[in-house]
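Residue numbers start at 1 and run along the sequence shown.
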Amino acid sequence: MEYMTKGILEIHRALKNKEVTSKELIEESLEKTHKLQEECNAFVTILDDAKPSEVNDNFLSGIPYGIKDNYSTKGILSTGSSNTLKDYVPFFTATAISNLESKGAVAVNKTVMDEFGMGGTGTTGHTGIVKNPWDHSRMCAGSSAGSACAVAAGVYPYATGSDTGDSIRKPAAFCGIVGYKPTYGMISRYGLFPFASSLDHCGVLSRSVEDAAIVVDNMKGIDKNDMTSWDSKDIHLYESLGKSVKGKKLCYIKEICDINMYKNPSEELKLHLENFHKVLEKCKSLGIEIEEVSVDQTLLNTVASVYVVISCAEATSNMSNLTGIIFGPRGEGNNYIEMMKDYRTHGFSPLIKRRFVIGSYVLQAQNKDRYFHNAQRARRLIVDKWKELFESYDAVILPVSSGPAKSLDKNDDTLDESTTVLEEHLQIGNFGGFPSITIPDGFIDGMPVGLNITGKCYDDENVLNIAYNIESILGYKNQIAKEVNNG
């Protein structure tokens with residue numbers, strides 16, 4: 001009998017009833033890991049020596065899971081999917097992972113990501129491209145590509161992810177699963193390789209809202225090593241699920257969701273927005289009120305640029321320690337400057353180099369006010385607008401993207417100007433630190449698509465409960481990828 005395709009509570013009951021052991025779960029998960037690695041290349045490291053843990057009353061005890069490769073894990077290779085850290089083995093474990101370990105969760109692999117989280121395709125990791133388990137000719141999106149792929153394929157019920165722009169939520173949508181980014185600081189970032197510190201969030205990918213709630217309940221908590229973490233002991237995500245949502249108010253953005261706003265829309269975009277509006281009608285059967293609101297198009301058009309400027313600037317600063325001197329493979333040269341240049345030139349992918357160039361440029365004294373400070377000002381205007389919406393509405397509900405996963409033939413990480421806002425709006429959740437969750441809401445051409453629900457900071461219980469109730473009427477909970485094309 002397979003267990004890794006089931007939800008956490010069902011697996012936990014089976015463990016408690018001694019229908020299966022932690023050892024047997026690990027063996028099943030590892031067998032699936034190796035099979036998926038051959039098919040989709042989802043893993044950097046496979047922990048064949050993973051040891052079972054004692055099963056107790058915690059729902060996660062004894063159950064396997066995966067770790068995105070930008071979480072520091074003591075004694076276990078942690079590369080950030082970059083050649084610059086291809087042999088790096090940390091001496092400490094990230095707080096979020098330590099929290100899971102203390103509850104008896106069992107890590108069985110480290111998952112592939114876009115290099116250092118800087119990409120949205122799952123194609124820039126140093127170990128190669130991650131293929132979508134639904135269709136091997138398509139991408140998973142990124143950067144949490146390996147985690148999304150593994151969870152969707154039934155390797156285990158959940159994996160950790162990180163989200164700086166949409167890196168948990170978009171891969172989740174493209175792989176037909178749930179992706180949850182809690183309020184900024186709910187989960188400690190200590191031990192997470194920093195990309196853009198004001199935007200980085202730890203989170204989870206799972207196959208149900210229920211499982212996402214259980215996992216984050218166990219990952220979260222204040223941490224003396226992360227000054228941005230906060231005390232969330234009074235927030236109980238799992239216990240908050242199942243409450244009535246009658247009278248809850250949601251809004252969607254006309255400029256994003258009205259097909260008439262797009263010139264020459266693709267057939268996929270038409271079908272995706274049509275499906276989204278059908279789902280909104282179903283939501284009304286729960287007693288949820290849904291209204292259309294309008295947001296200044298000029299403001300929306302700034303989102304992608306604001307993200308690029310701020311994230312690249314912060315990345316340039318955060319990753320200045322990647323020199324090959326302190327850790328990582330040494331570069332060649334006659335002095336330390338030549339060694340650093342060789343290390344960075346040959347270690348980083350072209351995408352990373354471009355982002356560092358952008359970051360350095362916008363931080364130069366003569367450019368800082370025009371680019372970096374203006375991006376910060378625009379970020380504040382965007383966040384203030386969303387806070388204004390949250391004064392009248394419980395959450396904003398929007399489609400995740402312009403359609404299902406893109407073909408791997410189109411993996412250059414460039415944007416179609418006509419759909420940029422639709423593809424990039426999830427970044428607003430990072431600008432404001434808002435809790436944000438993606439759930440599957442249908443299929444287009446046999447490929448999953450998703451919707452996103454974003455609410456105000458610290459209102460995670462409400463956001464997840466709304467998502468849980470919507471999930472209950474859509475019928476995609478705990479779905480496993482069924483390959484439609486070998487690619």
In terms of ring plane angle, is the pair Tyr371 and Tyr361 parallel, tilted or perpendicular, where the classes change at 30° and 60°?
-> tilted
When you look at Glu101 and Thr93, which way does the side chain to side chain donor-acceptor pair (under 3.5 Å) test go after all the steps?
-> CA-CA 10 Å; Glu101 286 180 350; Thr93 295; 4.7 Å; no
Hey, do the aromatic rings of Phe431 and Trp386 have their centres closer than 6.0 Å?
-> no
Pairwise distance CG(Asn109) to CD1(Ile46) - rounded to 0.5 angstrom = 7.0 Å
Taking atom NZ of Lys103 as the centre, report whether more than 12 heavy atoms of other residues, nucleotides or ligands fall under 6.0 Å from it.
-> yes
For Thr5 against Lys32, the heavy-atom pair lying closest together | CG2-NZ, 3.4 Å
In short, Arg330 meets Ile325 closest at the heavy-atom pair NH2-O, 3.3 Å
With side chains defined as the heavy atoms from C-beta onward, is the minimum distance between Thr84 and Ile352 less than 4.5 Å?
-> no
Side chain Asp445, main chain Met447, donor-acceptor under 3.5 Å = no
Backbone of Glu338 reached by a side-chain donor or acceptor of Asp342 within 3.5 Å = no
Verdict with supporting geometry, Ser78 and Ser72, side chain to side chain donor-acceptor pair (under 3.5 Å) = CA-CA 6 Å; Ser78 304; Ser72 180; 5.2 Å; no
Tell me, do Asn452 and Ser436 make a side-chain contact under 4.5 Å, heavy atoms counted?
-> yes
Given the side-chain rings of Tyr158 and Tyr65, with only the six-membered ring counted for Trp, is the space between their centroids under 6.0 Å?
-> yes
Give, for atom CE of Met261 and atom CG of Leu300, the distance between the pair rounded to the nearest 0.5 Å.
-> 9.0 Å
CD/Glu332: more than 12 non-hydrogen atoms of other groups inside 6.0 Å = no
Which distance, rounded to the nearest 0.5 Å, do you find between the CZ of Arg207 and the OH of Tyr156?
-> 10.5 Å
Test Tyr180 against Asp460 for side chain to side chain contact (heavy atoms under 4.5 Å, CB included), laying out the working first.
-> CA-CA 10 Å; Tyr180 169 40; Asp460 294 65; 2.6 Å; yes
Short question: side chain of Lys110, backbone of Tyr71 - any donor-acceptor pair under 3.5 Å?
-> yes
Does any non-hydrogen side-chain atom of Ser143 lie less than 4.5 Å from one of Met118?
-> no
Atom OG in Ser206, atom CG in Asp211: separation rounded to 0.5 Å?
-> 5.5 Å
How close do Phe174 and Gly403 get, heavy atom to heavy atom, and via which atoms?
-> CE1-O, 3.5 Å
Pair Asp48-His34, side-chain donor/acceptor within less than 3.5 Å = yes
Would you call Asp459 and Lys456 a salt bridge, taking side-chain N to carboxylate O under 4.0 Å as the test?
-> no
Do you know which of Ile428, Val306, Val303 makes side-chain contact (heavy atoms from CB on, under 4.5 Å) with Arg379?
-> Val306
Answer yes or no: is there a side-chain heavy-atom contact under 4.5 Å between Phe443 and Gln479?
-> yes
Report, as yes or no, whether the 6.0 Å neighbourhood of atom CZ on Phe92 holds more than 12 heavy atoms from other residues, nucleotides or ligands.
-> yes
Should the heavy atoms of other residues, nucleotides or ligands under 6.0 Å from NZ of Lys406 be counted, would the total exceed 12?
-> yes
Are the side chain of His272 and the backbone N or O of Glu268 linked by a donor-acceptor pair below 3.5 Å?
-> no
Salt bridge present between Lys35 and Glu31 (N-O < 4.0 angstrom) = no
Looking at Ala50 and Ala107, what are the two nearest heavy atoms and their distance?
-> CB-O, 3.6 Å
Does atom CZ of Arg370 have more than 12 heavy-atom neighbours, drawn from other residues, nucleotides or ligands, at distances under 6.0 Å?
-> no
Should the ring pair Phe356 and Phe348 be called parallel, tilted or perpendicular, given that the plane angle runs from 0 to 90° and is split at 30 and 60?
-> perpendicular
Mark yes or no for whether Asp163, through its side chain, and Ile168, through its backbone, hold a donor-acceptor pair below 3.5 Å.
-> yes
N/O donor-acceptor pair under 3.5 Å between Asp226 side chain and Arg189 backbone | yes
What is the distance from atom CD1 of Ile310 to atom OG of Ser305, rounded to the nearest 0.5 Å?
-> 11.0 Å
From CA spacing to verdict: side chain to side chain contact (heavy atoms under 4.5 Å, CB included), Glu423, Ser401 | CA-CA 5 Å; Glu423 290 288 353; Ser401 64; 3.4 Å; yes
For the residue pair Ile129 and Asn41, what are the closest heavy atoms and their distance?
-> O-ND2, 3.1 Å
So how far is it from Asn58 CG to Leu60 CG, rounded to the nearest 0.5 Å?
-> 5.0 Å
For Glu38, look at atom CD and say whether over 12 heavy atoms of other residues, nucleotides or ligands are found less than 6.0 Å away.
-> no
Side chain Glu115, main chain Ser349, donor-acceptor under 3.5 Å | yes
Flag, side chain of Lys131 to backbone of Ala42, donor-acceptor distance under 3.5 Å | no
Does Asn318 reach the main-chain N or O of Phe195 with its side chain, forming a donor-acceptor pair under 3.5 Å?
-> yes
Would you check if the side chain of Asp217 reaches a backbone N or O of Leu237 as a donor-acceptor pair within less than 3.5 Å?
-> yes
Assess whether side chain to side chain contact (heavy atoms under 4.5 Å, CB included) is satisfied between Lys353 and Arg344, documenting all intermediate values.
-> CA-CA 9 Å; Lys353 291 174 186 174; Arg344 293 173 76 88; over 6 Å; no
Closest non-hydrogen atom pair, Asp114 against Gly119 | OD2-O, 3.1 Å
Could you tell me whether Asp369 atom CG has more than 12 heavy atoms of other residues or ligands within 6.0 Å of it?
-> yes
Quick one: side chain to side chain contact (heavy atoms under 4.5 Å, CB included) partners of Cys257, sequence neighbours excluded?
-> Tyr252, Phe276, His277, Leu398, Pro399
Assess whether side chain to side chain contact (heavy atoms under 4.5 Å, CB included) is satisfied between Asn70 and Leu192, documenting all intermediate values.
-> CA-CA 6 Å; Asn70 58 346; Leu192 179 77; 3.6 Å; yes
Using a 4.5 Å cut-off on heavy atoms from C-beta on, say whether the side chain of Ser137 contacts that of Leu408.
-> no
Side chain to side chain donor-acceptor pair (under 3.5 Å) with Thr111: of Ser81, Ser144, Ser147, only one passes, and it is Ser147
Mind checking whether Met4 and Ile11 have side chains closer than 4.5 Å, heavy atoms only?
-> yes
